[in-house]
Amino acid sequence: MKFLGSIIDHTDIASSEDERVKQLIKLTISKSIEVFNLKKATFYKSNLSEYKDARMACYYIINKYTQISLGKIAEVFNVKRRSVEYFEQKCKEMLSIPSFYPTYLQRHRAIEDHIIKYISTLN
């Protein structure tokens with residue numbers, strides 16, 4: 001009986017964790033749209049650099065603060081996994097040279113700080 005109880009408890013934890021990840025993804029996307037001052041309707045499809053930068057920040061932050069794979073992130077954004085991989089790496093490079101990308105860094109930090117605050121309220 002204990003074993004069955006632990007399976008049921010684990011299922012509840014997993015589904016609760018899935019909900020937390022979904023909320024974190026939604027929050028990251030909405031905060032990116034707000035910080036980059038973008039239109040929600042064109043967020044996923046626009047090729048303007050501001051939209052690409054916002055999505056890039058999302059890929060990086062979602063990957064950093066969740067345990068989901070780049071493939072799953074690609075599914076959320078309806079892009080190829082390789083695209084997520086490329087932009088996540090590009091984001092790492094941009095963050096490593098803050099003096100070259102001050103505007104991006106400021107926006108990225110605003111989103112990340114908001115996500116960190118949200119995560120701290122979960123526990």
Side-chain angles (χ1 to χ4, degrees):
M1 204 50 136
K2 272 187 172 180
F3 177 71
L4 182 59
S6 68
I7 291 174
I8 292 169
D9 288 345
H10 181 68
T11 304
D12 290 343
I13 291 169
S15 63
S16 173
E17 192 66 30
D18 289 346
E19 278 304 311
R20 288 181 178 181
V21 169
K22 287 177 187 177
Q23 286 299 108
L24 186 95
I25 291 169
K26 287 179 185 177
L27 182 63
T28 305
I29 292 168
S30 65
K31 194 64 180 177
S32 295
I33 291 169
E34 177 188 326
V35 169
F36 281 85
N37 196 25
L38 307 174
K39 295 179 181 171
K40 188 176 182 178
T42 55
F43 178 74
Y44 293 96
K45 298 294 179 190
S46 179
N47 287 322
L48 295 174
S49 63
E50 294 86 5
Y51 286 86
K52 287 181 179 181
D53 287 351
R55 289 191 301 265
M56 178 172 57
C58 288
Y59 303 156
Y60 180 84
I61 291 168
I62 291 168
N63 185 277
K64 183 175 179 179
Y65 293 104
T66 68
Q67 298 299 317
I68 64 174
S69 67
L70 295 179
K72 294 281 185 189
I73 294 170
E75 285 179 22
V76 170
F77 287 87
N78 198 27
V79 295
K80 294 182 179 178
R81 186 182 77 75
R82 182 70 183 113
S83 181
V84 173
E85 228 175 276
Y86 169 80
F87 282 110
E88 201 234 354
Q89 187 60 40
K90 182 178 176 182
C91 185
K92 284 180 184 177
E93 290 172 10
M94 289 173 72
L95 294 173
S96 72
I97 313 170
S99 60
F100 285 2
Y101 308 100
T103 304
Y104 177 79
L105 183 65
Q106 179 185 13
R107 291 173 176 170
H108 183 94
R109 281 190 180 154
I111 298 164
E112 192 168 24
D113 289 347
H114 188 77
I115 296 306
I116 291 169
K117 287 177 188 172
Y118 170 75
I119 291 170
S120 70
T121 65
L122 294 177
N123 296 329

Any side-chain heavy atom of I73 within less than 4.5 Å of one from V76?
no
Are E34 and K31 side-chain neighbours, meaning at least one heavy-atom pair lies under 4.5 Å?
yes
Within this structure, what is the CG-CG distance for the pair N63 and L70, rounded to the nearest 0.5 Å?
5.0 Å
For residues Y60 and E112, is any side-chain donor paired with an opposing acceptor at under 3.5 Å?
no
Without swapping roles, check the side chain of S30 against the backbone of L27 for a donor-acceptor pair under 3.5 Å.
yes
The reported gap from SG in C91 to CZ in R55 (rounded to nearest 0.5 angstrom) is 13.5 Å
Rounded to the nearest 0.5 Å, what separates atom NZ in K22 from atom OG1 in T66?
13.5 Å
Distance (rounded to the nearest 0.5 Å) between E88 CD and R81 CZ:
11.0 Å
Report yes if the side chains of Y44 and N78 come closer than 4.5 Å at any heavy-atom pair, otherwise no.
no
Hey, what's the ring geometry for Y59 with F77, parallel, tilted or perpendicular (30° and 60° as the breaks)?
perpendicular
Take T42 and L48 through the test side chain to side chain contact (heavy atoms under 4.5 Å, CB included) and record every step on the way to the result.
CA-CA 10 Å; T42 55; L48 295 174; over 6 Å; no
So do K117 and H114 actually touch side chain to side chain, heavy atoms under 4.5 Å?
no
Under a 4.5 Å cut-off applied to non-hydrogen side-chain atoms, are I68 and I25 in contact?
yes
Quick one: side chains of residues 93-106, donor-acceptor pairs under 3.5 Å with protein atoms, not counting sequence neighbours, listed by atom name and distance.
from : atom 1 : to   : atom 2 : distance (Å)
S96  : OG     : E93  : O      : 2.6
Y104 : OH     : H108 : ND1    : 3.3

Output the distance between atom CZ (R107) and atom OG (S32), rounded to the nearest 0.5 Å.
11.0 Å
Validation row: Y51, K45 side chains within 4.5 angstrom (heavy atoms)
no
